[in-house]
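One structure is given here, and the rest of the page talks about it.
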Amino acid sequence: MVLDNLGSSLRGSLDKLRGKSRLDEDDVQEIVKEIQRSLLSADVDVSLVMDLSDSIKTRALEEEPPGGTSARDHVLKIVYEELVDLIGESTEIPLESQTIMLAGLQGSGKTTTSAKMAWWFSKKGLRPAVIQTDTFRPGAYDQAKQMCERAEVDFYGDPDCDDPVQIARDGLEATEDADVHIVDTAGRHALEDDLIDEIEEIEGVVQPDLNLLVLDAAIGQGAKEQAQQFDESIGIGGVVITKLDGTAKGGGALTAVNETDSSIAFLGMGETVQDIERFEPNGFISRLLGMGDLKQLSERVERAMSETQAEDEDWDPEEMMKGNFTLKDMQKQMEAMDKMGPLDQVLDMIPGFGGGIKDQLPDDAMDVTKDRMRAFEVIMDSMTEEELENPRKVGASRVKRIAQGSGQDEETIQELLEQHRMMEQTIKQFQNMGDGDMQRMMKKLQNQDGGGGMGGLGGMGPF
């Protein structure tokens, strides 16, 4: 999860206020100091940390919490609002014809980001094209071409040309039918004069509508100098933060946003072309504080279900809500889950799971869960169509045969069948729900204490 250590630390600080109805100055001071430590350890700039903590302290001491609101929830609301204000609005990305140029140091993830952004635009109904102008890094052309093939988007590059400005010029002409041009530029190991000169020349040719600075989430305090120099050279209209699936702290990237007086456009969450999401400040901070992000979750579910159905036109996810829930339905659901991204990211989007519950899980819990899901997939691949459609027919002799065919033990197969029975019961409960029941359930999910320290935040912010 984005800035995961920061989120865990903040949630731990706020949990110290559980059970309190009012705050005194010592309580607030302790919380503010913990927030300062959390932000500084995440590489957020010192001046930003002090401004933020001062605002939180002033509001926590001076504002009266609404009736029935606990001290913890009141401070959580203040922290949420102040963090959203710190990172600002999302970069405006109109869904129309435009040219976007990517800048950044070598290793920041520009080439991968260019293909990811092109994939994102293609899913919005536009025709994007990536123009690869990096002649400095060996393999840049091949990497970009392969990534664009996976994203199924147009690509232009010229491995035989060593003039990036000419490549940019030729690329615009070769891809003139595209709606969105994404120009990937060369990086260096450091901010060198020739890098700045080259990117200024490319900008003069492509005349971009928007320049995005691509930053590795692990950049740390070095982000400040990068942001300053690129902003002075070409003007930065937004930031893309990459590699947020690792252990990176990410605070340096937030500093860069403030330094360029810009905003965050996209987040890179993994290695595949689908691992990108539009930055939404409310959802970002909501996940950070363990309150989930239902908007991003619903978008991922809708996309994953759509892609899974496109691969198997005979499967209709709506049908399983009306009739029997089979192992084949379960298999398709698991395929869709794979398309939604890493399991820990998905849990971060569910109110009550991304915060306290996930914090309490063992370090290897996600790996164990993913391994079990893979084992289930192998088992279902070893079943006949009849068994997938009628799992109740899978008795002891069939379990033995499936175990031999899949290489899994019989106990794991029984676990799969039990998991199916539990999901089948849940589906039947949904089938018996009216619209009013569904609305009440969703409201409860959003507002209840999810058992992991989410807190009852009523109708605030992201919900």
Side-chain angles (χ1 to χ4, degrees), residues 90-137 140-159 161 164-187 198-216 230 234-243 262-269 271-279:
S90 177
T91 307
E92 185 177 349
I93 308 283
L95 295 177
E96 60 189 33
S97 296
Q98 60 190 298
T99 299
I100 299 174
M101 186 171 75
L102 303 185
L105 297 186
Q106 185 170 324
S108 61
K110 292 188 306 303
T111 299
T112 301
T113 297
S114 65
K116 288 181 176 183
M117 284 176 54
W119 175 86
W120 184 86
F121 277 111
S122 73
K123 293 302 177 181
K124 299 298 180 181
L126 296 170
R127 181 178 177 181
V130 172
I131 301 173
Q132 172 56 254
T133 69
D134 186 353
T135 60
F136 180 79
R137 180 170 65 89
Y141 170 86
D142 290 334
Q143 180 191 3
K145 187 172 185 294
Q146 290 169 10
M147 289 287 291
C148 287
E149 286 173 353
R150 290 178 204 149
E152 299 181 335
V153 298
D154 293 343
F155 168 76
Y156 179 84
D158 187 348
C161 179
V165 179
Q166 186 61 46
I167 294 174
R169 187 180 291 111
D170 294 342
L172 288 176
E173 183 177 340
T175 60
E176 61 181 352
D177 291 338
D179 300 313
V180 180
H181 291 92
I182 301 172
V183 182
D184 180 26
T185 62
E198 179 180 293
I199 202 169
E200 287 176 349
E201 288 186 59
I202 295 173
E203 185 192 33
V205 168
V206 303
Q207 296 291 301
D209 299 288
L210 176 66
N211 292 323
L212 295 179
L213 177 62
V214 181
L215 290 174
D216 185 330
F230 278 114
I234 58 174
I236 297 300
V239 173
V240 180
I241 306 178
T242 64
K243 306 179 186 178
S262 60
S263 51
I264 302 174
F266 290 97
L267 304 175
M269 313 294 289
E271 296 181 358
T272 72
V273 291
Q274 295 91 353
D275 291 328
I276 185 171
E277 64 182 56
R278 193 76 168 84
F279 174 74

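Values below: all heavy atoms of this structure, side chains included; hydrogens, waters and symmetry mates excluded.
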Out of curiosity, [X] [atom1] to [Y] [atom2], how far, rounded to the nearest 0.5 Å?
X	Y	atom1	atom2	answer
Lys243	Asp275	NZ	CG	14.0 Å
Arg150	Lys116	CZ	NZ	11.5 Å
Lys110	Gln132	NZ	CD	8.5 Å
Ile241	Leu213	CD1	CG	10.0 Å
Leu95	Leu126	CG	CG	6.0 Å
Glu96	Asp209	CD	CG	8.0 Å

Which heavy-atom pair separates [X] from [Y] by the least distance, and what is that distance?
X	Y	value
Thr242	Thr113	CG2-OG1, 3.4 Å
Thr99	Val206	CG2-O, 4.1 Å
Phe155	Ala144	CE1-CB, 3.5 Å
Asp216	Gly107	OD2-O, 4.1 Å
Ala115	Ala151	O-CB, 3.9 Å
Ala103	Ile234	CB-CD1, 4.0 Å

Listed by chain and number, what are the side chain to side chain contact (heavy atoms under 4.5 Å, CB included) partners of Ser97, not counting sequence neighbours?
->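 With neighbours one apart ignored, the set is Asp179.
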Taking only residues two or more places apart in sequence or in another chain, which ones pass side chain to side chain contact (heavy atoms under 4.5 Å, CB included) with Leu210?
->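 For Leu210 the side chain to side chain contact (heavy atoms under 4.5 Å, CB included) partners, ignoring immediate neighbours, are Thr91, Ile93, Ile100, Leu212.
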Would you say Glu152 has more than 12 foreign heavy atoms packed within less than 6.0 Å of its CD?
->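 No, CD of Glu152 has 12 or fewer neighbouring heavy atoms, counting only those of other groups under 6.0 Å.
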Answer yes or no: does atom CD of Gln207 have more than 12 heavy-atom neighbours from other residues, nucleotides or ligands under 6.0 Å?
->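 Yes.
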Met117 and Val180: CA distance, side-chain angles, deciding distance, side-chain contact (heavy atoms from CB on, under 4.5 Å) verdict | CA-CA 10 Å; Met117 284 176 54; Val180 180; over 6 Å; no
Min side-chain heavy-atom separation [X]-[Y] under 4.5 Å:
X	Y	result
Asn211	Phe230	no
Thr112	Met147	yes
Pro164	Ile202	yes
Tyr156	Ile167	yes
Trp119	Gln274	yes
Gln166	Asp158	no
Met269	Glu277	yes

Donor-acceptor pair, Ser108 side chain versus Leu215 backbone, under 3.5 Å?
->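 Checked: no pair found.
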Keeping the roles fixed (side chain from His181, backbone from Thr175), state whether a donor-acceptor pair exists under 3.5 Å.
->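 Yes, because the side chain of His181 sits within donor-acceptor range (under 3.5 Å) of the backbone of Thr175.
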Under the salt bridge (Lys or Arg N to Asp or Glu O under 4.0 Å) test, which residues partner Glu198, sequence neighbours left out?
->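 With sequence neighbours excluded, Glu198 shows a salt bridge (Lys or Arg N to Asp or Glu O under 4.0 Å) to Arg188, given in chain and number order.
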Can Glu173 and Arg169 be counted as an ion pair, charged N to O under 4.0 angstrom?
->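 So Glu173 does not pair with Arg169 through a salt bridge.
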Considering residues at least two apart in sequence or located in another chain, which fulfil the side-chain hydrogen bond (donor to acceptor under 3.5 Å, both in side chains) criterion with [X]?
X	answer
Asp154	Arg127
Asp134	none
Ser90	Arg278

